[in-house]
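Report on one structure; see the data block that follows.
Chain identifiers are assigned alphabetically (A, B, ...) following the order of the sequence lines, protein sequences preceding nucleic acid strands; residue numbering begins at 1 within each chain.
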Amino acid sequence: MSEELEQLFQEKIDQDIKIEPKDWMPERYRKTLIRQMSQHAHSEIVGMLPEGNWITRAPSLRRKVALLAKVQDEAGHGLYLYSAVETLGADREDTIDDLHTGKAKYSSIFNYPTISWADIGAIGWLVDGAAIVNQVALQRTSYGPYARAMIRICKEESFHQRQGYEITMTLAKGSPEQKEMAQEALNRWWWPSLMMFGPPDDESPNTAQSIRWRVKRHTNDQLRQEFIDMTVPQAEYLGLTIPDPDLKWNEEKGMYDFGEIDWEEFWHVVKGNGPCNKDRIKARKAAKDNGEWVREAANAHAEKKRQQENKVA
Amino acid sequence: MSKSNEWPLWEVFIRSKQGLNHKHVGNLRATDAAMAIDNARDVYTRRQEGVSIWVVESVNVAASSPSESGALFEPANDKIYRHPTFYDIPDEIGHM
């Protein structure tokens, strides 16, 4: 019975028919999606922290309103994704608690600190740039609610990258000190941005199954290459140097060759030992704990209003 | 927050401009309808996506089940006479 259902399921996937919440799906498909989508949601939420760090110190009102709007968007993206995770039968509060206990992961990139204003430019340009490459591909993922959340997110995300590039460009065309700031930010964020696409294909045991289920449409290495090919000319335009001595155009392949990624650093940060892992979780936990009385008060208020309405009726 | 206190789920429908239907855009959690509308404003209409919002508590939505979809929708498959192209009209008549 279940084998037959699984075959029907795979046939639907092969015909590019989306899977919707009430449709039958293999338990492993459901679990894979809950893991991937909740990680994605947590990344949006934790991603607000490094940027929030600079809202009060943005160099102009124009930069400040843009950064506020961007951080608000990230909150919205987290909400779309938590909603989509709920459609798979996962409880929302449990999903959020899994982040706080360390059971669930989020994108490692957000464990790096934002030590100068130029980092805000680099995050928009590189981190959001990498996220867009990943998310554009996911717009065609096989699970309907996830695909729809991605379409909405991609529409909103393109302003994020443009505002980041504009910040970096302003610095790169400014004083020598400002250009140096932009270069240092690029040096800090380049390699972690490449790591955002995840481990190389030959060390990514779940990729083959995810591709078969069309949860993923491209492998980590394919998306990483796409990002590099797209970003190198953007750095050249700014007169900035990508911190990779092995980076060079490969005429034959029609793409850039690039140097070895330090996967040891990646795993070190994933395992909780990056510069900001503890601060990030502490901040998220504090937000939940300190907001508890507000959520309870809102519940009490709604209950009181319901009772008053019942009395009048 | 303990589970029994979790805010209920609301389905959100947005009319993108006058003259169009309200369309389902997603859902969110809120304690009551007024909060659901406020939150929907912030979550789903930050870029002028809407001129009107409906919210319905998700528990009040009745839905057909995928296992019934054959019985519900297949009877329409063989009724091609409900489509205009089923009927032969001479070319001289032009568009009809």
Within 6.0 angstrom of B:K79 NZ, more than 12 heavy atoms from elsewhere: yes
Flag, side chain of A:Y80 to backbone of B:Y44, donor-acceptor distance under 3.5 Å: no
CZ (B:R46) with more than 12 external heavy atoms under 6.0 Å: yes
Heavy atoms from other residues, nucleotides or ligands near CZ of A:R57 exceed 12 (cutoff 6.0 Å): yes
Interchain contact, B:A30 with chain A, by part (heavy-atom threshold 4.5 Å): neither
Which atoms of B:S64 approach chain A - backbone, side chain, both or neither, heavy atom under 4.5 Å: backbone
Atom of A:R295, atom of B:W7 and distance for their closest heavy-atom approach: O-NE1, 3.4 Å
Basic-acidic side-chain contact under 4.0 Å: B:E49, A:K155: no
Other residues, nucleotides, ligands: >12 heavy atoms within 6.0 Å of A:E11 CD: yes
Whether over 12 other heavy atoms sit under 6.0 Å from B:N21 CG: no
A:R162, CZ: over 12 other non-hydrogen atoms inside 6.0 angstrom: no
Nearest atoms (heavy-atom pairs only) where A:K22 meets B:A63: NZ-CB, 3.5 Å
Chain B interface, residue from A:E303, A:R306, A:E86, A:H77 that has the most non-hydrogen pairs under 4.5 Å: A:E86
Within-4.5 Å side-chain heavy-atom neighbours: A:H301 and B:T31: no
Residue part contacting chain B, namely of A:D289, when any heavy atom lies under 4.5 Å: neither
Gap separating the CZ atom of A:R92 from the CZ atom of B:R29, nearest 0.5 angstrom: 5.5 Å
A:K12 NZ: over 12 foreign heavy atoms closer than 6.0 Å: yes
More than 12 heavy atoms from other groups under 6.0 Å of CD on A:E27: yes
Pairs of heavy atoms under 4.5 Å with chain B: top-ranked of A:D73, A:T87, A:L79, A:I96: A:D73
